[in-house]
Amino acid sequence: MNKNPYQAFLSSDSSNDKVVIWTNDCPDDLSYYECYFNVSEEVQTVKLNITLGAKDNIRDLWEHKDLGASTRFELAPHSCKAFKISVTS
């Protein structure tokens, strides 16, 4: 069994059973990754369940874009999005 302390785990943060969330902490302790998977046949609107400060950032890892503090997005049917969420201490 992999004992890596930074192994991804299934998150229970989603209140929508059509969206599955996997989370992974980073070794720097200032950021973490979240991947959102739409397991339904419909487009899903998702709001990240986080509160960000003015200097915090969300980076879309697929599109290679910084989103700032934007926490709402849409997922096409059977698609996914991956984010790196960086918080300042």
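Considering only heavy atoms from C-beta on, L61 comes within 4.5 Å of Y33 through its side chain.
Every residue two or more places apart in sequence or in another chain that forms a side-chain hydrogen bond (donor to acceptor under 3.5 Å, both in side chains) with Y36 is listed here: E34. Partners of D60 under the side-chain contact (heavy atoms from CB on, under 4.5 Å) rule, at least two apart in sequence or in another chain, are W62, E63, L67, K81, F83.
Summarising the geometry, atom OG belonging to S31 is positioned 12.5 Å from atom CD1 belonging to I58; distances are rounded to the nearest 0.5 Å. Note: D66 CG to S86 OG = 8.5 Å, rounded to the nearest 0.5 Å. With rounding to the nearest 0.5 Å, the separation of CH2 in W22 from SG in C35 is 10.0 Å.
The backbone N or O of L75 sits less than 3.5 Å from a side-chain atom of N38, completing a donor-acceptor pair.
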N/O donor to acceptor pairs below 3.5 angstrom from side-chain atoms of residues 41-48, sequence neighbours left out:
from : atom 1 : to  : atom 2 : distance (Å)
E41  : OE2    : H78 : NE2    : 3.0
Q44  : OE1    : N16 : ND2    : 2.9
Q44  : NE2    : S40 : OG     : 3.2

